Structure formats: structure tokens, C-alpha cells
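First comes the structure, then the notes that go with it.
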Amino acid sequence: MTHEDPDDLVTIVTTETEFEAESLAVVLRDAGIDAFTFGSSFSALPVQQHWNRVPLQVRRRDAERAKARLDRVKQDSVDIDWDSVDLGERDDDRPLTPVDHVPILARIGLYVGIAIMLLAFLGFIAMLLY
């Protein structure tokens, strides 16, 4: 007979990103369940690899309660009617996207980029002709 320590950490789920694992850990911590994530230097890369999974762990004694909590939160998030969510009123009347306002450095960068591309194109044409 093996003795399983209730304080041992067990993995209850693995996620694709460290952000996702930490988001789930926050849900568990808010419910009073200690949760731990163990990302790696690879988890910051935008590469989705099967070997690059991030474990979410809890104490063995909390595993069932943690899984049930995550299942409840997942079900609740599916049931949200986003059309009925009140986001409140804005404090200003400015447009969400500035109209006709491009910073001067962005304009200069655009013109320099166009000039470089035009010169490269002309150089390519000249190379073909001579």
C-alpha cells in the first residue's frame, strides 16, 4: 500500500500558454485553493508545441474541488449572454479610433519606406536593362 501525501502537488490540467495556466490559477486562488503554475522559458515563445505544455498544479487534497471549480467556471463562461452585459457609459465623446491623426514620426517612416522601396525597384529595373 502506498501512502499518498495530501500536500503533494498534482497536475490537474495542462495548458498551451503560461498566461492561460496563470489565469486558471487565479480562478482557483479566488476560491481559496492554492494553485501553482510552472512555465518555462519556452512558454513565452509563440510556438504551440505539444511538449511545451504548462502544468497547473494543486495539492492532492484539493484536486477534486479544484477540478469541480474549473468545470463550473467554464460552464458559467459559456452561458454568458454578452449582448446583455452592461459595460457602462464612456466619460468622453472622442472616437475610439483617432480620425486623420497619424503621428509625425509614423508619417516620416512611411515616406522613407516608400522611397527605399521605390529606389530598390528602380535599381532592379536598371539592373535588368544594363
Side-chain angles (χ1 to χ4, degrees):
M1 178 176 167
T2 62
H3 173 69
E4 294 180 345
D5 188 346
D7 286 330
D8 284 346
L9 294 180
V10 295
T11 300
I12 59 169
V13 67
T14 59
T15 64
E16 293 286 333
T17 65
E18 191 169 352
F19 177 80
E20 183 181 1
E22 191 57 38
S23 297
L24 295 174
V26 167
V27 168
L28 295 176
R29 290 178 195 131
D30 285 346
I33 301 169
D34 289 332
F36 308 91
T37 61
F38 298 96
S40 69
S41 58
F42 292 111
S43 62
L45 298 175
V47 179
Q48 300 298 326
Q49 299 288 339
H50 294 293
W51 53 268
N52 187 28
R53 306 284 296 183
V54 181
L56 171 61
Q57 295 187 334
V58 298
R59 298 194 195 302
R60 183 178 309 281
R61 68 172 173 261
D62 296 327
E64 292 306 315
R65 191 166 58 112
K67 289 177 188 177
R69 177 68 180 151
L70 292 179
D71 286 342
R72 255 192 326 277
V73 168
K74 183 177 180 181
Q75 186 58 43
D76 289 346
S77 69
V78 171
D79 293 339
I80 294 174
D81 179 10
W82 290 104
D83 292 331
S84 67
V85 174
D86 181 14
L87 299 176
E89 298 296 322
R90 292 184 54 200
D91 294 335
D92 60 40
D93 59 351
R94 294 182 296 168
L96 294 176
T97 304
V99 179
D100 296 332
H101 178 68
V102 177
I104 189 69
L105 288 177
R107 287 184 190 186
I108 291 171
L110 174 66
Y111 297 138
V112 168
I114 290 172
I116 289 171
M117 289 176 33
L118 183 59
L119 288 173
F121 178 72
L122 291 175
F124 178 73
I125 297 297
M127 183 180 70
L128 290 177
L129 293 177
Y130 298 106

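Counting begins at 1 with the first residue of the sequence. Quick caveat: nothing in here was measured; it's all calculated off a predicted structure.
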Would you give the length of the straight line joining atom [atom1] of [X] to atom [atom2] of [Y], rounded to the nearest 0.5 angstrom?
| X | Y | atom1 | atom2 | result |
| --- | --- | --- | --- | --- |
| R59 | I33 | CZ | CD1 | 12.0 Å |
| I114 | L118 | CD1 | CG | 9.0 Å |
| R107 | L105 | CZ | CG | 11.5 Å |
| L129 | F124 | CG | CZ | 10.0 Å |
| T15 | E20 | OG1 | CD | 4.5 Å |
| L56 | K67 | CG | NZ | 11.0 Å |

* Of the non-hydrogen atoms in R65 and G32, which two are nearest, and what is the gap between them? ->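 Taking every non-hydrogen atom into account, NH2-O, 4.0 Å.
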* Search all heavy atoms of A25 against all heavy atoms of T37 and return the closest pair with its distance. =>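 That would be CB-CG2, 3.9 Å.
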* Within 6.0 angstrom of D91 CG, more than 12 heavy atoms from elsewhere -> no
* To do: Please answer whether the main-chain N or O of A35 pairs with a side-chain N or O of R29 as donor and acceptor at a distance below 3.5 Å.
  => yes
* **From V73, D62, I12, residue fulfilling side chain to side chain contact (heavy atoms under 4.5 Å, CB included) relative to L28** =>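 Result for side chain to side chain contact (heavy atoms under 4.5 Å, CB included) with L28: I12.
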* Should V13 and V54 be regarded as members of a common hydrophobic cluster, given that ILVMFWY residues are connected when their side-chain heavy atoms come within less than 4.5 Å of each other, either directly or indirectly? -> no
* Are Y130 and L119 connected, step by step, through hydrophobic side chains (Ile, Leu, Val, Met, Phe, Trp, Tyr) whose heavy atoms are closer than 4.5 Å? -> no
